[in-house]
Asker: 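The following block contains the structure, expressed as structure tokens.
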Protein chains: 2
Amino acid sequence: MRSRISRAVIPRLSIYYRTLLLHKSSEVVSSGELSDLTGCTPAQIRKDLAYFGQFGTPGRGYIVSDLKKKILEILGIDKNWNVALVGVGNLGTALLSYKGFKEQGFNITAVFDNDLRKIGKRLEGITIQDINGLRRTVKNKEIQMAIVAVPAEEAQKIVTTLIKAKLRAILNFAPIRPQVPKSAELINIDLSIELEKLTHFLRQKV
Amino acid sequence: MRSRISRAVIPRLSIYYRTLLLHKSSEVVSSGELSDLTGCTPAQIRKDLAYFGQFGTPGRGYIVSDLKKKILEILGIDKNWNVALVGVGNLGTALLSYKGFKEQGFNITAVFDNDLRKIGKRLEGITIQDINGLRRTVKNKEIQMAIVAVPAEEAQKIVTTLIKAKLRAILNFAPIRPQVPKSAELINIDLSIELEKLTHFLRQKV
DNA sequence: TAGATTGTTAATCGATTAACAATC
DNA sequence: TAGATTGTTAATCGATTAACAATC
């Protein structure tokens with residue numbers, strides 16, 4: 001019986017994966033080498049990987065190509081994903097013009113806003129739609145994820161709408177923590193909180 | 001002797017603070033009420049606040065105005081902060097045009113890039129400078145924080161430069177984890193990692 | 001075989017939750 | 001006073017680290 005995977009493991013797999021990209025697929029890499037490159041301890045790396053099976057070789061280490069393939073599958077980044085963006089204010093527009101998503105296999109294929117002056121306009125080659133069209137578009141375009149970049153006041157309502165449209169993976173930039181059912185995964189990126197960690201640090205030092 | 005403050009406390013203070021903004025300063029609020037509004041447990045809220053002293057009233061709760069003031073001080077957001085932005089590619093430009101920072105008291109007062117075609121141009125009213133001018137500008141403009149939005153390959157070099165210029169608080173968007181001395185605080189916001197948490201979740205469900 | 005490194009169990013560490021005496 | 005809620009200590013939970021037999 002497989003023990004429950006610690007929440008902290010998945011983000012570390014992302015880190016391991018990027019490090020593996022620096023290696024030739026034919027190479028073998030040990031937990032010690034990965035430790036040097038990632039800053040995680042060798043024990044932690046072995047334990048993290050062991051959650052998903054035994055694919056190292058005692059005395060040698062891990063075959064880079066095997067490990068890459070395995071992590072790719074675990075993370076679900078062996079395919080592209082279609083993403084809906086809700087809210088094209090400052091931050092939303094910014095995220096839409098950010099090319100990093102597409103490079104990583106995340107395609108923003110639909111954009112929504114509730115501002116009548118914006119609806120119908122094109123941005124980065126995509127026509128801004130009314131949120132009412134969400135359900136149909138999600139189905140037609142096979143969208144699986146959503147990025148929320150609306151003001152705090154609207155975020156809960158939008159998230160509820162997304163859930164109703166059967167979206168189960170949401171990246172939220174609004175500075176609140178919307179409620180979602182357990183069947184969905186919501187990740188909050190709150191720039192204010194991050195900045196306030198820094199100001200707290202600076203204040204403390206004085 | 002004050003016990004060491006758990007790392008997880010500070011971001012929760014940010015959350016409590018925002019909830020307090022919804023209350024009149026003259027009101028009194030209990031850990032139970034804050035719990036309903038934040039999703040944190042009452043015990044956790046009381047424990048978090050108790051790290052910084054006793055400012056609740058048994059049988060009543062916390063006076064909103066006092067608590068606001070106290071958290072404002074702890075977080076260091078009772079003043080404005082000057083911020084340098086390094087890298088005006090896609091994401092950097094996006095962040096520069098994002099108005100949320102200024103609203104929270106974070107003023108981006110200097111912008112740097114290493115692209116000769118960009119240096120000297122103006123963006124959002126700020127002239128893009130060569131990174132060589134960093135040290136002088138940091139001093140002249142009393143900049144205390146930096147946002148890093150350069151490609152992964154350049155991030156470590158830039159962070160080292162920032163540290164040399166006596167900056168001690170850095171928000172990094174490059175998808176690597178640069179090394180910094182213990183005297184500095186570096187926070188990484190890695191959009192790929194966050195997205196991969198979501199794709200892992202979706203993959204797992206199938 | 002000798003040396004190296006995995007996979008796993010036990011020990012440690014740190015953070016959260018529960019419980020309750022003290023207090024308004 | 002009776003009811004409510006804090007501040008704090010002890011118990012629990014979960015994640016990380018250390019240690020080492022098994023294995024190449």
Side-chain angles (χ1 to χ4, degrees), chain A residues 1-16 19-20 23 26-71 74 177 193 197 200, chain B residues 1-16 19-20 23 26-71 74 177 193 197 200:
Chain A
M1 194 189 112
R2 184 210 267 180
S3 63
R4 230 183 59 71
I5 294 160
S6 158
R7 271 215 147 255
V9 171
I10 303 303
R12 282 197 298 264
L13 290 185
S14 297
I15 293 170
Y16 304 157
T19 302
L20 289 171
H23 286 78
S26 56
E27 289 175 46
V28 171
V29 67
S30 69
S31 59
E33 292 171 79
L34 283 174
S35 171
D36 294 341
L37 293 161
T38 60
C40 304
T41 65
Q44 185 162 65
I45 292 168
R46 291 200 301 278
K47 194 155 210 290
D48 286 351
L49 298 177
Y51 280 116
F52 304 96
Q54 310 190 355
F55 33 92
T57 314
R60 301 268 289 133
Y62 303 87
I63 297 170
V64 171
S65 60
D66 289 2
L67 197 50
K68 269 186 194 166
K69 190 154 166 282
K70 189 75 190 175
I71 296 183
I74 297 168
R177 335 217 108 194
I193 288 181
K197 285 185 202 166
H200 165 71
Chain B
M1 194 189 112
R2 187 209 266 179
S3 64
R4 229 183 60 70
I5 294 161
S6 158
R7 270 214 149 253
V9 172
I10 303 304
R12 282 198 299 264
L13 291 185
S14 297
I15 294 169
Y16 305 157
T19 302
L20 288 172
H23 286 78
S26 55
E27 286 175 47
V28 170
V29 67
S30 70
S31 59
E33 291 172 78
L34 282 174
S35 172
D36 293 340
L37 293 161
T38 60
C40 304
T41 65
Q44 186 162 65
I45 292 168
R46 291 200 301 278
K47 195 155 208 291
D48 285 351
L49 297 177
Y51 279 116
F52 303 96
Q54 310 190 355
F55 33 92
T57 312
R60 302 267 289 131
Y62 302 88
I63 297 170
V64 170
S65 60
D66 289 2
L67 197 51
K68 269 186 193 164
K69 191 155 165 279
K70 189 75 190 176
I71 297 182
I74 296 167
R177 334 218 108 193
I193 288 181
K197 285 186 202 167
H200 164 72

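Every chain is numbered from 1, with letters handed out A, B, ... down the list of sequences.
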Asker: Can you give me the closest heavy-atom contact between A/Ser14 and B/Ile193, atom names plus distance?
Answerer: CB-CG1, 3.8 Å
Asker: Answer yes or no: does atom NZ of B/Lys69 have more than 12 heavy-atom neighbours from other residues, nucleotides or ligands under 6.0 Å?
Answerer: no
Asker: Counting Watson-Crick and G-U wobble pairs only, both distances under 3.5 Å, name the nucleotide matched with D/dG14, or none.
Answerer: C/dC13
Asker: Side-chain N or O of B/Ser31 versus OP1/OP2 of D/dT6: is the shortest distance under 4.0 Å?
Answerer: yes
Asker: Nearest 0.5 Å, what's the CD-OG1 distance between A/Glu33 and A/Thr19?
Answerer: 11.5 Å
Asker: Rounded to the Å, how far apart are B/Leu49 CG and D/dG7 P?
Answerer: 8 Å
Asker: Choosing from D/dA10, C/dT8, D/dT5, which nucleotide comes nearest the side chain of B/Lys47?
Answerer: D/dA10
Asker: Ignoring the backbone of B/Ser6, work out which of C/dA22, C/dT16, D/dA15 is nearest its side chain.
Answerer: C/dT16
Asker: Could you state the NZ-C1' distance from B/Lys70 to D/dG7, rounded to the nearest angstrom?
Answerer: 15 Å
Asker: Working to the nearest 0.5 angstrom, can you tell me the gap between B/Lys70 NZ and B/Phe55 CZ?
Answerer: 5.5 Å
Asker: For the side chain of B/Ala50, starting at C-beta, report the closest nucleotide among C/dT6, D/dT6, D/dT8.
Answerer: D/dT8
Asker: B/Arg12 side chain N/O closer than 4.0 Å to the phosphate oxygens (OP1, OP2) of C/dT16?
Answerer: yes
Asker: Rounded off to whole Å, could you give me the CD-to-P distance for the B/Glu33 and D/dT5 pair?
Answerer: 7 Å
Asker: Rounding to a whole Å, what distance do you find between B/Asp66:CG and C/dC24:C1'?
Answerer: 16 Å
Asker: Whom does C/dA19 pair with, Watson-Crick or G-U wobble, provided both distances fall under 3.5 Å?
Answerer: D/dT8
Asker: Could you tell me the separation between the CZ atom of B/Arg60 and the C1' atom of D/dG7, rounded to a whole number of Å?
Answerer: 17 Å
Asker: Hey, does the side chain of A/Tyr51 come within less than 4.0 Å of D/dA15's phosphate (OP1/OP2), counting only N and O?
Answerer: no
Asker: Just the rounded figure in Å: distance from P of C/dT17 to CG of B/Asp48.
Answerer: 10 Å
Asker: Within this structure, what is the OH-CG distance for the pair B/Tyr16 and B/Leu34, rounded to the nearest 0.5 Å?
Answerer: 8.0 Å
Asker: Out of C/dT6, C/dT17, D/dT16, which nucleotide sits closest to the side chain of A/Arg46?
Answerer: C/dT6
Asker: Given C/dT8, is OP1 or OP2 found less than 4.0 Å from the side-chain N or O atoms of A/Gln54?
Answerer: yes
Asker: Any side-chain N or O of B/Thr41 under 4.0 Å from OP1/OP2 of C/dT17?
Answerer: yes
Asker: To the nearest angstrom, how far is A/Phe52 atom CZ from C/dT8 atom P?
Answerer: 14 Å
Asker: Which comes earlier along DNA chain D counting from the 5' end, the contact point of A/Ala43 or that of A/Thr57, where each point is its nearest nucleotide?
Answerer: A/Ala43
Asker: In whole Å, what is the span from the CZ atom of B/Arg4 to the P atom of C/dG14?
Answerer: 7 Å
Asker: Between A/Gln44 and B/Pro58, name the one whose nearest nucleotide on DNA chain D is closer to the 5' end.
Answerer: B/Pro58
Asker: About how many Å separate CG of A/Leu49 and CD1 of A/Ile74, when rounded to the nearest 0.5 Å?
Answerer: 7.5 Å
